[in-house]
S.K.: 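My questions will all concern the structure given below.
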Amino acid sequence: MKNTLIKKYILLIAIVAIGISCTKESESTDLSSANLIPIPLKIEATAKEFKLNSNTVISTSGDIDFKKVGEFLSEKLSHHNSLDIKIEESAKKNVINIIKDENYGLTSNESYELIVDENAITIKASSDEGAFRAIQTLRQLIPIEANPNGERIVSTGKILDEPNYGYRGSMLDVARHFFPKEDVFKYIDAMAYYKMNVLHLHLSDDQGWRIEIKSWPDLTAVGGHTQVGGEAGGFYTQEDYTEIVNYAAKHHITVIPEIDMPGHTYAASVAYPHLNGAKKSIEVLDNPTPDRRTLLYTGIEVGFSTFDARKETTYEFVDDVVREISELTPGPYFHMGGDESHVTSDEDYDYFVERVGEIVRKYDKRMIGWDEVARVDKDPNSVVQFWDKEDNAKMAKDKGMKIIMSPAKKAYLDMKYDTLSKFGLHWAAYIPVDVSYKWTPEKYVEGISKENILGVEAPLWSETISKTEELEYLAYPRVIGIAEVGWSIEENRDWDNYRVRLANQTPYLNQMNIKYYPSKLVDWVE
Ligand code: TNX
């Protein structure tokens, strides 16, 4: 009797165990519950498995740019998954096809289709950019670790995907604190993984000038010397900057250089005092000193500096700076800042923005400015980056300009998560992970709809952070959510569903050694 009871028990446990393992099994073969960020437009699951193993090969459609995408995938699989997947054209079975299909493409050249069946994984896109976005999806579908049979199981089905916005960016402030190019490369790696496509570099501010300008060498020799807090600063040589641009391009990311003016220019005016237009500090700047670098500003106040908008030499300077940077920048944009010019008179500010606009156009770039420039700029081709004043965004819309949505209360990565945050400011808000995720660009400012919006950007100001880990504490995980806000349509976004997908990013984040902030709102997978 006792024996049969025990047997029954064992049977019961076995049934339950099988039940659980079946559930797990079916979960792992359900493409629609894959932990993808950003969530794709459409997923159809077919509940079977593709078994990726060391015999799997990548085949591209011959086009050199598509081949590069295949090589990128192979590189990443070898680096992250310790998998040696070779490129072998015209393979038929156990293959990842990356195919150029001119007729294919939804509305954007970032669109793609990804079909997984038992024999093959097939990616179709009309451009290499689309294929590149597709392989990020695929990377997220392939487990980092193999099962005991040496296989990585990818669930079968079909994904049809395209971005809601063509501009999905993040900004690094390398002026308040300087971050070496290696930190920027690491940031680019993760941006690309989450399908972001714009890196905005804030290259100058009161505390430092961070890009070499050959015709004005003291900008960096003097102006790059220090940073907030007074430690050594730094700057990118033109070669460094080109390396960043090329590294970004390899990841299908456009670099936007920003030289903030006419305010936020104290460091430039210390280097070249005749640029200075702020009455108050002239005395200080004119003070003869053997080492001008000792005059640099290392605090975090804003709004006290300005260029002299009425001197022609100021525009000769701006012309050289825009020319040299534009020559190094393949992307279509030049960001002129334009924010918080509190000591520039309205007349001078307006005159300055117009003159800089002419220079930027002369070098075939499209001008971007923080939302304050909307009042002045008349060029409908200019872009306004909304961060603060809704009226400025509306003005931009009325002038036919496109708007980048960076509302400080949602998208500012430098805001503290809560009162306990180790780093960050909180002038705009405390921004917990859910708050930074739960917003819709086309609904944020009344009257500004999707057609007025170029895209979304998450700026990371660096007054309170000086090391990679600190940068990562503020950026992650919020920047991942902003990537989804920019890519995925509102109907597909849902916090409860997102927080599970986010919790499952840990294998990638850990492997990348990204020190994310472990928000308690997310049940992080160990
Ligand atoms: C406002 S946003 C600024 C920056 C600061 C930031 C700090 C903007 C265009 N200007 O100068 O770094 O706040 O959150």
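Each ligand, and each atom within it, is numbered from 1 in the order the structure gives.
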S.K.: Can you give me every donor-acceptor pair (side chain of residues 356-363, partner residue at least two apart or in another chain, under 3.5 Å) with its distance?
M.R.:
unit_1 : atom_1 : unit_2 : atom_2 : d
Arg361 : NH1    : Asp379 : OD2    : 3.1
Lys362 : NZ     : Asp319 : OD2    : 2.6
Tyr363 : OH     : Asp319 : OD1    : 2.6

S.K.: What distance separates Arg210 CZ from Gln227 CD, expressed to the nearest 0.5 Å?
M.R.: 6.0 Å

S.K.: Could you name the option among Asp339, Asp388, Val302 that has the heavy atom nearest to atom 10 (N) of ligand 1?
M.R.: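 Among Asp339, Asp388, Val302, the closest heavy atom to atom 10 (N) of ligand 1 comes from Asp339.
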
S.K.: Atom NZ of Lys250 and atom CG of Asp189: how far apart are they, to the nearest 0.5 Å?
M.R.: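 Going from the NZ atom of Lys250 to the CG atom of Asp189 covers 8.5 Å.
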
S.K.: For the 3.5 Å polar cut-off, considering only N or O atoms, please tell me whether Asp414 and ligand 1 meet it.
M.R.: yes

S.K.: Is any NZ, NE, NH1 or NH2 atom of the basic residue among Lys467 and Asp183 found under 4.0 Å from an Asp or Glu carboxylate oxygen of the other?
M.R.: no

S.K.: Could you establish whether Gln385 and ligand 1 come within less than 4.0 Å of each other, counting only heavy atoms on the residue side?
M.R.: no

S.K.: Below 4.0 angstrom from a heavy atom of His264, which ligand 1 atoms are there? Numbered from 1 as shown, please.
M.R.: 11 (O)

S.K.: Can you tell which of Tyr473, Tyr417, Trp461 makes a ring-ring contact (aromatic ring centres under 6.0 Å, His included) with Phe423?
M.R.: Tyr473

S.K.: Would you mind listing which atoms of ligand 1 come within a distance below 4.0 Å of any non-hydrogen atom of Arg176?
M.R.: 4 (C), 5 (C), 11 (O), 12 (O)

S.K.: What protein heavy atom lies closest to atom 1 (C) of ligand 1? Include the residue and the distance to one decimal.
M.R.: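 The answer is Glu340 OE2, 3.4 Å.
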
S.K.: List every atom of ligand 1 that sits less than 4.0 Å from any heavy atom of Leu425, numbering the atoms from 1 in the order shown and giving each element.
M.R.: 7 (C), 14 (O)

S.K.: Flag this pair as yes if the NZ/CZ of Arg139 is under 6.0 angstrom from the six-membered ring centre of Tyr193 and inside a 45 degree cone about the axis; otherwise no.
M.R.: no

S.K.: Which atoms of ligand 1 sit under 4.0 Å from any heavy atom of Met415?
M.R.: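 Counting from 1, the qualifying ligand atoms are 14 (O).
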
S.K.: Please determine if Lys394 and Glu446 form a salt bridge, counting it only when a charged side-chain N lies under 4.0 Å from a carboxylate O.
M.R.: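 Salt bridge flag = no for Glu446 with Lys394.
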
S.K.: Salt-bridge test for Glu110 and Lys195: reply yes if a basic N is under 4.0 Å from a carboxylate O, no otherwise.
M.R.: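 Between Lys195 and Glu110 there is no salt bridge, as every charged N stays at least 4.0 Å from the carboxylate O atoms.
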
S.K.: Is there a polar contact between ligand 1 and Trp461, counting only N or O atoms under 3.5 Å apart?
M.R.: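 Looking only at distances, the answer is no, because the N/O contact criterion of under 3.5 Å is not met.
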
S.K.: Does NZ or CZ of Lys450 fall inside the cone over Tyr165's six-membered ring, less than 6.0 Å from its centre and within 45° of the axis?
M.R.: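 Judged by the rule (NZ or CZ under 6.0 Å from the ring centre, within 45° of its axis), Lys450 counts as positioned above Tyr165.
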
S.K.: Quick one: which ligand 1 atoms are inside 4.0 Å of a heavy atom on Tyr412?
M.R.: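 Checking each atom against Tyr412, I get 2 (S), 8 (C).
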
S.K.: Does Asp173 reach ligand 1 with a nitrogen or oxygen that is under 3.5 Å from one of the ligand's nitrogen or oxygen atoms?
M.R.: no

S.K.: What about Asp205: any of its N or O atoms under 3.5 Å from an N or O on ligand 1?
M.R.: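 Such a contact does not occur with ligand 1.
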
S.K.: For Glu463, counting its heavy atoms only, list the atoms of ligand 1 lying under 4.0 Å from any of them.
M.R.: 5 (C), 7 (C), 12 (O)

